[in-house]
Amino acid sequence: MHRANGDRIPGRRQHLTVTPKTRLLDQLKKMAVLMELDGANPFRVNAYTKAVRALGDETVDVEQAVREGTLTRIDGIGKGIAEKVEEFVRHGLIAEMTEFSAKFPPGVVEMTEIPGFGAKKARAVFGELGVTTVEELERACRDGRVAELKGFGAKTADKIVQGIASMRKHSGRFRIDVAWETAQPILKALRGHDAVERVEVAGSLRRWRETAKDLDFVCATTKPGDVMEFFTTLESVDTVTGQGPTKSSVVLDTGMSADLRCVAPEHFPFTLQHFSGSKEHNTALRGLAKRKGMKSSEYGLFPEGSETSLPATEEADIYRHLGLAYIEPELREDMGEIEAAAKGAMPELVTAGDVRGLPHMHTEYSDGQPTLDAYAKWAAQNGIGWMGISDHSKTASYAGGLQPDRVRKQWAEIAKVNKEWKDSGVRLLRGIESDILGDGSLDYEEEMLKEFEFIVASVHSQFNLTEEEQTARMLKAVENPYTSILGHMTGRLLLKRDGYRVNQKEIVRRCAAEGVIVEINSNPARLDLDWTLVRFALDEGCCLCVSPDAHTLGMLEHMRYGIGIARKGWVTKDRLANCWSADEFLAFVRKRRP
DNA sequence: GCCGTTTTCGGCCCGACTGTTTTCAGTCG
């Protein structure tokens, strides 16, 4: 089994900085769990879950919505939850939440995170046995008390113990690169099996979400038993956690769970569509089907009263039956794609094949490993016309930032390499990733700045400024006429560190007005700009670029994740600088220089 | 608790798997 550089992502989130919004979302999530424990109306619980999702969208500025009284304009936020949000923003807590919390110890809430152990069971062990922590629950399972409870048994007790172990070992989500690299060899193995007619990875990986909880494979076969046997005995499978006639679940050696669903070939498009999600997209789609007198499930699309599904050989057929244009998997988030498909107004998303140039990469001059020549060679071999070299600037001493003499030396070498690779149509561009200094200025004197062909401006220090200070600092950098690209907007490290506090929407708007290109950083630890803001940036009129931010040649492969995020943000090739020629890119950059 | 081009009340997507039951509840996606 191929591991992603061996670097499994620790499950527990470690927040260096936790934003008020993150705290609010945590509170609302906890509220949903507490209400469920309390036996509240499940639809009421679901309303809270939906609200967390609605507010979690990066483009939603909760505090602003509270100030302007526009919370209830957000789909999924009504009067009740709006009041809770306002209460939290004003007072830092929700009174009703405090009341609920008093009824259930924190350990009971934590129990609901055990796989296969939900609120009903947690309520039972707490109410019947007085168990208040995960540790006590484990003991109660081992000494037989849990097995005696009504609705429980020996097997349930065993499963709980296993679930607790699993939660401790690797809780939570995995970065998209871990998911992708885990999935590829399994896909390849399944494709090589005689009984497999079609197989795809579905779920959040197919939609290019930045993190995934597990892998979902969907397979067309007439011999599900054979395929399932093959799947559950793959070398990379650690334990088999479930196996029925059409579905198996396993835990892989990377710690990720994976499900395989096997269906008859005629069901395949429906099943693939169903398990590609998102849940929200499918819920909306089923609602639409219902209004059109059809029932939609993973087995077909059934006209009312009919046992026979409408035919489909591809997912596009399903959407067509519903009166919709085909919706690419990346867009299936119930964020307007269904409405656009109904109007036939789907964007033609950028593809990897449209890419002609790569901005933002580091060489041996600063903290990168490749030579300039190695990049040029790679470009020639991969049909890339231009590469924007951008090592760290002088203030970034921790990363070998370039002093002016080193900059000049690199310029000379770039000229030499360009001459050597001219016939291959490859051109390296003289750039720099300039630190944005504390006061918002760039890192060299103007005489030097104007000699760079392009400049990526990024924040690498002073993460703890207030939102106002950080925003002002970045706005100043955006307004600098030598800034071409604004690098990783928030500095977030997925599953590790929240981004610095900054008003992203305001900065995006200024980039649009100033003609500064907004970066989508392809590093799978970053994927920053967030995809929800990518779409916002497009709507505001921005141009974007997907940056490899490579420090090795291998990291150029990260472009696949950045392109995935661009597609997820509805980006078309005319708005992505990577799809322009070097001359077009440089002309765009020069427009705003004095 | 949310929501409304059949609605301001009465719905709220649908099915697989497991372990407990002997027809179903809980959990998950």
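Per chain, numbering begins at 1; letters A, B, ... match sequence-line order. Computation of the quantities below employed the complete heavy-atom set of this structure, encompassing side-chain atoms and omitting hydrogens, waters and symmetry-equivalent molecules.
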_Integer-rounded Å distance: B:dG29 P and A:Leu272 CG_ = 18 Å
_Sequence-distant partners of A:Arg526, salt bridge (charged side-chain N to carboxylate O under 4.0 Å, His left out), two or more places apart_ = none
*asked:* Expressed as a whole number of angstroms, how long is the span from A:Asn46:CG to B:dG29:P?
replied: 15 Å
*Positions of residues 151-159 of chain A (non-hydrogen atom under 4.0 Å from DNA chain B), listed by number*: A:Gly151, A:Phe152, A:Gly153, A:Ala154, A:Lys155, A:Thr156, A:Lys159
_Nearest atoms (heavy-atom pairs only) where A:Lys292 meets A:Leu322_ = CE-O, 3.2 Å
_Less than 4.0 angstrom between a side-chain N/O of A:Thr246 and OP1 or OP2 of B:dC17, yes or no?_
yes
*Starting at CD1 of A:Ile160 and ending at C1' of B:dT27, how long is that distance when rounded to a whole Å?*
12 Å
_A:Phe126: which residues meet the ring-ring contact (aromatic ring centres under 6.0 Å, His included) condition with it, sequence neighbours left out?_
A:Phe104
*Quote, to the nearest angstrom, the C1' distance that separates B:dT7 from B:dC12.*
13 Å
*Write down the distance separating the C1' atoms in B:dT27 and B:dT20, rounded off to the nearest Å.*
14 Å
*Does A:Asp214 make a side-chain donor-acceptor contact with the base of B:dG29, cut-off 3.5 Å?*
no
*Take atom P in B:dT6 and the same atom in B:dG1, then report the distance between them in whole Å.*
28 Å
*Round to a whole Å and report the spacing from NE2 of A:His267 to P of B:dG15.*
12 Å
_Measure CZ/A:Arg44 against P/B:dG11 and give the value in whole Å, please._
20 Å
*Can you check the A:Glu113 CD to B:dC28 C1' distance for me, whole Å?*
15 Å
*Please collect all salt bridge (Lys or Arg N to Asp or Glu O under 4.0 Å) contacts where either partner lies in residues 36-51 of chain A, sequence neighbours excluded, each pair once.*
A:Asp38-A:Lys103, A:Arg44-A:Glu96
*Once you round to the nearest 0.5 Å, how far does OH of A:Tyr319 lie from CG of A:Leu288?*
11.0 Å
*Please name all residues satisfying side-chain contact (heavy atoms from CB on, under 4.5 Å) with A:Ala154, sequence neighbours left out, ordered by chain then number.*
none
*Partners of A:Tyr299 by ring-ring contact (aromatic ring centres under 6.0 Å, His included), sequence neighbours excluded?*
A:His267
*asked:* What contact category does A:Lys295 fall into here, base, sugar-phosphate, or nothing, at under 4.0 angstrom with non-hydrogen atoms?
replied: sugar-phosphate
*List in chain and number order the residues that pass side-chain hydrogen bond (donor to acceptor under 3.5 Å, both in side chains) with A:Thr211, two or more places apart in sequence or in another chain; answer none if no residue qualifies.*
A:Arg173
*Rounded to the Å, how far apart are A:Glu298 CD and B:dC28 P?*
18 Å
*Which part of the nucleic acid does A:Pro42 contact within heavy-atom distance under 4.0 Å: base, sugar-phosphate only, or nothing?*
nothing
*Do you see a donor-acceptor pair shorter than 3.5 Å between the side chains of A:Thr490 and A:Asp528?*
yes
*Would you classify A:Leu28 as touching base, sugar-phosphate or nothing, given that sugar-phosphate means primed atoms plus P, OP1 and OP2, and contacts are heavy atoms under 4.0 Å?*
nothing
*Roughly how far apart are A:Lys505 NZ and A:Asp61 CG, rounded to 0.5 Å?*
6.5 Å
*Please list, chain by chain and in numerical order, all residues satisfying side-chain hydrogen bond (donor to acceptor under 3.5 Å, both in side chains) with A:Trp570, sequence neighbours excluded.*
none
*Quick one: is B:dG26 close enough that its OP1 or OP2 comes under 4.0 Å of any side-chain N or O from A:Lys150?*
no
*asked:* If you assign A:Lys279 and A:Val45 each to the DNA chain B nucleotide with the nearest heavy atom, which residue ends up on the more 5' nucleotide?
replied: A:Val45
_Side chain of A:His274 - closest among B:dG15, B:dC17, B:dG29_ = B:dG29
*Matching residue for A:Trp531 among A:Glu330, A:Arg567, A:Glu210 - test: side chain to side chain contact (heavy atoms under 4.5 Å, CB included)*: A:Glu210
*Could you list the residues that satisfy salt bridge (charged side-chain N to carboxylate O under 4.0 Å, His left out) with A:Glu266, not counting sequence neighbours?*
none
*A:Gln243 has an atom CD; how far is it from atom P of B:dC28, in whole Å?*
20 Å
For nucleotides 2-4 of chain B, tabulate all protein N/O to nucleotide N/O atom pairs closer than 3.5 Å, reporting atom names and distance.
| from | atom 1 | to | atom 2 | distance (Å) |
| --- | --- | --- | --- | --- |
| B:dC2 | OP1 | A:Gly78 | N | 2.6 |
| B:dC2 | OP1 | A:Gly78 | O | 3.2 |
| B:dC2 | OP1 | A:Ile81 | N | 3.1 |
| B:dC2 | OP2 | A:Gly80 | N | 3.1 |
| B:dC3 | OP1 | A:Gly76 | N | 2.7 |

*Across all strands shown, which nucleotide pairs with B:dC9 by Watson-Crick or G-U wobble geometry, both distances under 3.5 Å?*
B:dG4
*Identify which nucleotide among B:dG1, B:dG29, B:dC14 has an atom closest to any side-chain atom of A:Asn41, counting heavy atoms from C-beta outward.*
B:dG1
*Quantified in whole Å, what is the P atom distance between nucleotide B:dC28 and nucleotide B:dT23?*
26 Å
_Need the glycosidic conformation of B:dT21: syn if within 90° of 0, anti if not. Which one?_
anti
*For A:Phe230, all residues meeting ring-ring contact (aromatic ring centres under 6.0 Å, His included), sequence neighbours excluded*: A:His193
*Between A:Leu149 and A:Ser248, just flag the one whose closest nucleotide in DNA chain B comes earlier from the 5' side.*
A:Ser248
*In whole angstrom, give me the gap between the C1' atoms of B:dG15 and B:dG10.*
24 Å
*asked:* Near DNA chain B, counting only heavy atoms under 4.0 Å, which residues of residues 115-132 of chain A show up?
replied: A:Pro115, A:Gly116, A:Phe117, A:Gly118, A:Ala119, A:Lys120, A:Lys121
